[in-house]
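So the structure is just underneath, and the comments pick up after that.
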Amino acid sequence: MSFNLLNRSFYDEMKIQKLQEFAKLTGFSDGTDIQTLYPLLQNAQTIVELGSGYGRGLAFLKQKGFLGKLIGIERAPHFVSYANEQLAGHSQSHCQDLMEDIQIPHCDALLWLWSGLMEFSADEQANRIHYFSQFLRPEGKFFIDLPFQEVSIVGEYQDEKSLILQQPWGKLYAFQPNDLDMDRFALKAQLKVLSPIIYATSKGYQRKIYIFQKPA
C-alpha cells in the first residue's frame, strides 16, 4: 500500500496556517532542529531538503546565515508557492513528488525533517533513501529526523509502528521505523551509519536525528 498516494489529498487540502499551527504545537516553530544540526551544515555548499513544506527549515537556515545553495522539494503546490514568495533570493523550492525518480542537484547534505519520512510506507522509505542518496557528494550526509518516543500528540497508533492522524480535511497515514529498520535502509543505500543526535523540541518532545554518510 502506497502511503504516498493515500496522503496526497491530505496535504492538497491542508492550509498553510494549519501546518504552521502544528509546528507551534509540536515545538518546531522556533527551528530547534535546525539549531541542533547547524554546526554540521554550516560549511556545506549545497543543501537539499526533502518534503520542505512551506519553507520552515529553509527559512531557519537562512536566519542562521547559511551562505550556500538551499533547495526544497515539496509536492503540494501552495506550499511551494508560499516558500518561494517568502524566501525569494535565498532558496528555491520545486514542486515535485518525492516518489518519482526526479533529478536534484548533487549536494553535501540531504535533510528529511519533522518526521517527513514517516509519511511513506516502509518499502517506500527504503526505496527513497536509496534513490536520493545517489545525489550526495562523497562524504555527504543524509539527516533524517524522527520521533524518539511515540507521537500520540498528533496521531493514533494502529500497531507498534503504524499510525493515523485524523483531521477534518482527511487522514494522514504514517509508518514509524525503528533502529533496525533505519539500519536496513542505510545498508540498502550503501551508506555508513553515524552516531545519531538526540534532542528535544521547545515543547519537550524527544527527537532522534539519524545520520547516514556516503563513502568517500
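Quick caveat, the model's predicted, so the values are computed rather than measured. Just the heavy atoms: all of them, side chains too, but no hydrogens, waters or symmetry mates, feed the values below.
- No side-chain heavy atom of P215 sits less than 4.5 Å from a side-chain heavy atom of P138.
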Practice problem: Could you check W169 against F10 for ring pair (Phe, Tyr, Trp, His ring centres under 6.0 Å), going step by step and ending with a plain yes or no? | Solution: CA-CA 7 Å; W169 62 88; F10 183 88; 5.4 Å; yes
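- Under the 3.5 Å distance criterion, the side-chain polar atoms of D108 are matched with a main-chain donor or acceptor of Q45.
- For the residue pair K18 / Q167, no side-chain donor-acceptor distance below 3.5 Å is found, with atom types taken as modelled.
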Exercise. Test side-chain contact (heavy atoms from CB on, under 4.5 Å) on L113 and I209 and set out the steps.
Key: CA-CA 8 Å; L113 304 175; I209 301 175; 5.9 Å; no
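- Between I47 and L111 the shortest side-chain heavy-atom distance falls below 4.5 Å.
- Checking R56 against S29 by side-chain atom types alone, no donor-acceptor pair falls below 3.5 Å.
- Cluster annotation: L165 is connected to L25 through the hydrophobic network of ILVMFWY side chains, with a link wherever side-chain heavy atoms come within less than 4.5 Å.
- Nearest approach of A76 to C95, heavy atoms of both residues: C-SG, 4.4 Å.
- Minimum interatomic distance between P177 and M118 (heavy atoms only, all atoms of both residues): CD-CG, 4.2 Å.
- Few gaps surround NZ on K188; more than 12 heavy atoms of other groups in view lie less than 6.0 Å from it.
- At a cut-off of 3.5 Å, with distance as the only test, a side-chain donor of S121 or E124 sits close to an acceptor on the other residue.
- Connection of L5 to L163 is not established within any shared hydrophobic cluster, with ILVMFWY side chains joined at heavy-atom distances below 4.5 Å, either directly or through further cluster members.
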Exercise. Report the C-alpha separation of K64 and Q35 in whole Å, then their side-chain angles, then the decisive distance to 0.1 Å, and conclude whether the side-chain hydrogen bond (donor to acceptor under 3.5 Å, both in side chains) test is met.
Key: CA-CA 8 Å; K64 292 293 291 182; Q35 179 72 28; 3.1 Å; yes
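- Note on K208 versus D145: no salt bridge recorded, every NZ/NE/NH1/NH2 to OD/OE distance being 4.0 Å or above.
- Listed for the R75 side chain is a donor-acceptor partner under 3.5 Å among the backbone atoms of R8.
- Closest heavy-atom contact between P105 and V48: O-CG2, 4.2 Å.
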Quiz item: Yes or no on salt bridge (charged side-chain N to carboxylate O under 4.0 Å, His left out) for R128 and D101, after CA distance, side-chain angles and deciding distance?
Solution: CA-CA 9 Å; R128 293 298 83 188; D101 287 348; 2.8 Å; yes
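- No side-chain heavy atom of H106 sits less than 4.5 Å from a side-chain heavy atom of T46.
- No side-chain heavy atom of L98 sits under 4.5 Å from any side-chain heavy atom of N4.
- Other residues, nucleotides and ligands contribute only 12 or fewer heavy atoms inside 6.0 Å of the CG atom of L67.
- Y11 and E119 share a side-chain donor-acceptor pair at under 3.5 Å.
- For the residue pair T32 and D30, a side-chain donor N or O sits within less than 3.5 Å of a side-chain acceptor on the partner.
- Aromatic ring pairs are classed by plane angle as parallel below 30°, tilted from 30° to 60° and perpendicular above 60°; the pair Y210 and F212 is tilted.
- Considering only heavy atoms from C-beta on, I71 stays 4.5 Å or farther from S91 through its side chain.
- Atom NZ of K161 has more than 12 heavy atoms from other residues, nucleotides or ligands within 6.0 Å.
- Between the side chain of Q213 and the backbone N or O of E139, at least one donor-acceptor pair lies under 3.5 Å.
- Between E74 and G51 the shortest heavy-atom distance is OE1-C, 3.6 Å.
- Scanning all heavy atoms of the two residues, the minimum distance from A109 to L41 falls at CB-CD2, 3.7 Å.
- Residue pairs satisfying the ring-ring contact (aromatic ring centres under 6.0 Å, His included) criterion with at least one member in residues 45-90, sequence neighbours excluded, are absent.
- Distance CG/L146 to CZ/R207: 6.5 Å, rounded to 0.5 Å.
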Self-check item: Stepwise side-chain contact (heavy atoms from CB on, under 4.5 Å) test for L110 and I104
Solution: CA-CA 11 Å; L110 278 167; I104 64 173; 3.9 Å; yes
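- When the side chains of ILVMFWY residues are joined at heavy-atom separations under 4.5 Å, either directly or via intervening members, V80 and L50 end up in two distinct hydrophobic clusters.
- Once rounded to the nearest 0.5 Å, the distance linking CD1 of I211 with NZ of K141 reads 7.5 Å.
- Separating the CD atom in Q17 from the CE atom in M14 is a distance of 11.0 Å, to the nearest 0.5 Å.
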Exercise. Just do the side-chain contact (heavy atoms from CB on, under 4.5 Å) check on Q92 and L70 with the steps written out, would you?
Key: CA-CA 7 Å; Q92 187 172 15; L70 288 173; over 6 Å; no
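- Although no hydrogens or angles enter the test, the distance criterion places a donor-acceptor pair under 3.5 Å between the side chain of K214 and the main chain of Q134.
- Within a 6.0 Å sphere centred on CG of D123, heavy atoms belonging to other residues, nucleotides or ligands number 12 at most.
- At distances below 3.5 Å, at least one donor-acceptor pair connects side-chain atoms of Q125 with backbone N or O atoms of L117.
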Exercise. Might you work through the side-chain contact (heavy atoms from CB on, under 4.5 Å) test for F143 and T36, ending with a clear yes or no?
Key: CA-CA 12 Å; F143 300 92; T36 300; over 6 Å; no
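- Not one N or O on the side chain of Q86 forms a donor-acceptor pair closer than 3.5 Å with the backbone of A83.
- Remark: N7 CG to I164 CD1 distance equals 10.0 Å, nearest 0.5 Å.
- Atom CG of D181 sits about 5.0 Å away from atom CZ of F185, to the nearest 0.5 Å.
- One finds the CH2 atom of W114 at 9.5 Å from the CG atom of D33 (value rounded to the nearest 0.5 Å).
- For the ring pair (Phe, Tyr, Trp, His ring centres under 6.0 Å) test with F120, the passing option among Y173, F132, F175, W112 is W112; the others fail.
- Counting non-hydrogen atoms of other residues, nucleotides and ligands closer than 6.0 Å to CD of E21 gives a total above 12.
- Heavy-atom minimum distance, T201 versus G27: CB-O, 3.4 Å.
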